[in-house]
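These notes are about the structure you will find just below.
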Protein chains: 2
Amino acid sequence: MATMDKKNVSMNDVAVAAGVSLKTVSRVINEPDSVRESTRDKVHSAMEALGFRTNFAARSLKLGRYGCIGVVMFHLSGGAVDMIDGIADAAEERGFALTMIKKCAGEKMTLADAARRMSQLPVDGMIFNLRQMVDDFDTFEAPKDLKTVIITPMEHPTCSTVSDDQEGGARMACEHFLNRGHKNVYFVSGKKESLSSQCRMKGWRAALEARGIEPSEPLQGDWNADSGYAAGLVLADKPDCTAILAANDCMANGVMMALHDKGLSVPDDVSVIGFDDELYKTIPNSILTSVKFRHRELGIRALNEVVAGLEAPSSRSRTLVSGVLVERSSVKDLRA
Amino acid sequence: MATMDKKNVSMNDVAVAAGVSLKTVSRVINEPDSVRESTRDKVHSAMEALGFRTNFAARSLKLGRYGCIGVVMFHLSGGAVDMIDGIADAAEERGFALTMIKKCAGEKMTLADAARRMSQLPVDGMIFNLRQMVDDFDTFEAPKDLKTVIITPMEHPTCSTVSDDQEGGARMACEHFLNRGHKNVYFVSGKKESLSSQCRMKGWRAALEARGIEPSEPLQGDWNADSGYAAGLVLADKPDCTAILAANDCMANGVMMALHDKGLSVPDDVSVIGFDDELYKTIPNSILTSVKFRHRELGIRALNEVVAGLEAPSSRSRTLVSGVLVERSSVKDLRA
DNA sequence: TTGTAGGCGTTATCAT
DNA sequence: ATGATAACGCCTACAA
């Protein structure tokens, strides 16, 4: 009478228990409307009683697809959460699950490696979340039957890519300064190897050069507040410094604290803009104007692009998700 | 001559191309040592030439296991990254991949739902990351053949659980105050529905009561700095307030700013401790002493517990990962 | 509306 | 050291 120890309950077991054929059970699962209600109920109770769960392996072997999208995290850091969130939501909505692996092991971190590992897993397509440069970026070729989307600001010769428009965001911030009468903008960068930092710097340069302004030497930071503070101390001594763009909010805050400690006030003496719009979480009444990227949107786009590519694997696209300037009061209008 | 459009390259195709039997190809993959080297080479070249990749579905159908662990994120927030990181690393190390789904949809968020969805996916076991209460927590029973570990501070009747020792962390912080001569500790909570906040509050209460101190009414916050600031304004007016425990660093910072604005200094007039040790990222020269939890370790433990349970699915354990007090200088020793 | 036969691509059991 | 053959559990013709 006790529950049997049968390893796996198959559709056949259910069929026997319900006194119907195997195919009928299959129908109850896949096209319930084509089965008489009384039969359906019998089958359902049998499934319930036996604890039947459809076998993923058998199903996908037959169907030739998995209903899963692979996600490779080359870099798992703070901003990634919102992106994963977007990917996960979009996946759920389209009936896909996510198969995730991490590939951060400093030394041998190539796209080919990641692709090889992924092709052994139950995935119909994959997303690479790449925030740093890798050796084989330009030479990498995705498996023909596995649609691949790379999240990266760089263009790729064969794969679709999705990215925040970091460069555009930086340009936007600079123009915000310049349009308000500032004659120059100083820049505090993040870690050197970070692509985000590089792109933000590029945008800053481009915006200045477009107005015929020679960009000054950027100050090297490391994303954390202390490095911003150090940069702020330096900049406080530059008489021509009225505008500072910091590559993230934490450093921007460091900059502001340094200015304050030097007797300068924001925005009356110096204006500041940061990135990521997260200071308000930590600082009460935060006044920092900041460029915010829509990471969630980014994730959604990436997933949609993969799913779209399932039909046309050879298609290639480049998606840029624009940033938004969240205005508070850390920028002074010098024209006033 | 051009590459054929054959949908899938199977082991059979490789076998034919290499002029060997199907089983030999299989051997080359799974037990290479039992195949003569010359044969092995032939097979390898054939695989290369045809672009063979082993079929996950067929393999797991035969093997009866997937080599994947399911992860359900009921709540995807900042602190989660480090935990996912730990899970992913531990998984990688043990040769498992992760299959992730998100279940945040406010209304109908039950463990049974999550388990049902997971049982349709290629997983050998699963981890629920639960940070809030759900309706069916106590009544939930995991599928017998799917080892389930829940990340939650609550005890579960049948499933293994893993958690930070949030209560212990809060106690530790309180004792840190009390051992330094403080006679009372005020508490600023996080969002009401958060289990973390509840546990931290519980630990605070317990520590005070253990010393015969009547806990005052906790101040309600919402995790963000502004709510901490509001609480700080209130507490600044309490003459007996020498020690404040805030349920996270952001609110602790809000509290400190309010105290400052009220002309009180930290730690000379009032001592403060926070949670999560993340303020140093945003505030230069941060002085805040903070209780830090090892989220990465938590993830590792959770994964290891699942993998261990693959052998003995019925086992049940409860793991607590202790926190660490990161001391800076926001606490004054009143005995001095 | 329901049942039967075969095959998806592996791995395992035998034999050679 | 290698090969033939039978499962694994599901789905899709085709038949009844």
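Each chain gets a letter, A, B and so on, in the order its sequence line appears, and its residues count up from 1. All heavy atoms count here, side chains included; hydrogens, waters and symmetry mates do not.
Separating the CG atom of A/Asp13 from the C1' atom of D/dC8 is a distance of 13 Å, rounded to the nearest angstrom. Summarising the geometry, the separation between CG on B/Asn12 and C1' on C/dG7 is reported as 13 Å, rounded to the nearest angstrom. At whole-Å resolution of the value, CG in B/Leu63 and P in C/dG9 are 17 Å apart. Here C/dG9 presents its C1' atom at 15 Å from CG of B/Leu50, a figure rounded to the nearest Å. Distance CG (A/Leu61) to C1' (D/dC11): 10 Å, rounded to an integer number of Å. When the P atom of C/dC8 is taken as reference, atom CZ of B/Arg53 falls 18 Å away, rounded to whole Å. For A/Arg65 and C/dG9, the CZ to P distance is 15 Å, given to the nearest whole Å. For the pair B/Phe56 CZ and C/dT10 P, the interatomic distance rounds to 13 Å; values are reported in whole Å.
Picking from D/dT2, C/dG9, D/dC10 the nucleotide with the shortest atom distance to the side chain of B/Asn55 gives C/dG9. For B/Lys23, the listed nucleotide lying nearest its side chain is D/dA4; candidates were C/dG9, C/dT4, D/dA4. Closest to the side chain of B/Phe52, from the set C/dT10, C/dG9, C/dT2, is C/dT10. When the nucleotides C/dT4, D/dC10, C/dG9 are ranked by their closest atom to the side chain of B/Ala58, C/dG9 comes out on top. Among D/dG3, D/dA13, D/dT2, the nucleotide with an atom closest to any side-chain atom of B/Val20 is D/dG3.
Note on B/Arg59: a side-chain N or O is less than 4.0 Å away from OP1 or OP2 of C/dT11. Note on B/Ser26: a side-chain N or O is less than 4.0 Å away from OP1 or OP2 of C/dT11. Of the side-chain N and O atoms in A/Asn30, one or more sit less than 4.0 angstrom from OP1 or OP2 of D/dC11. Within the structure, every side-chain polar atom (N or O) of B/Ser60 is placed at least 4.0 Å from both OP1 and OP2 of C/dT10. Remark: A/Ser10 is not in phosphate contact with D/dG9, judged by side-chain N or O atoms under 4.0 Å from OP1 or OP2. In this model, the phosphate group of D/dA1 is not approached by any side-chain N or O of B/Thr39 to a distance below 4.0 Å at OP1 or OP2.
Under 4.0 Å is where a charged nitrogen must lie from a carboxylate oxygen, and between A/Arg294 and A/Asp82 no such pair does. Note on A/Glu37 versus A/Lys42: no salt bridge recorded, every NZ/NE/NH1/NH2 to OD/OE distance being 4.0 Å or above.
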- Item | Worked check of salt bridge (charged side-chain N to carboxylate O under 4.0 Å, His left out) between A/Asp124 and A/Lys147 | CA-CA 7 Å; A/Asp124 302 322; A/Lys147 171 68 179 179; over 6 Å; no
- Message: Evaluate B/Arg301 against B/Glu297 for salt bridge (charged side-chain N to carboxylate O under 4.0 Å, His left out), listing each step before the verdict.
- Response: CA-CA 6 Å; B/Arg301 299 282 189 93; B/Glu297 179 68 21; 2.9 Å; yes
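A donor-acceptor contact shorter than 3.5 Å is absent between the side chain of B/Thr161 and the backbone of B/Cys159.
A donor-acceptor contact under 3.5 Å links the side chain of B/Lys62 to the base of D/dA7. A donor-acceptor contact under 3.5 Å links the side chain of B/Arg27 to the base of D/dT2.
Residue-level contact check: A/Met11 touches the backbone only, with heavy atoms under 4.0 Å from sugar-phosphate atoms and none from bases. Using a 4.0 Å heavy-atom cutoff across all strands shown, B/Leu22 reaches at least one base atom of the nucleic acid.
No hydrogens or angles considered: nothing links the side chains of B/Lys103 and B/Thr110 as a donor-acceptor pair under 3.5 Å.
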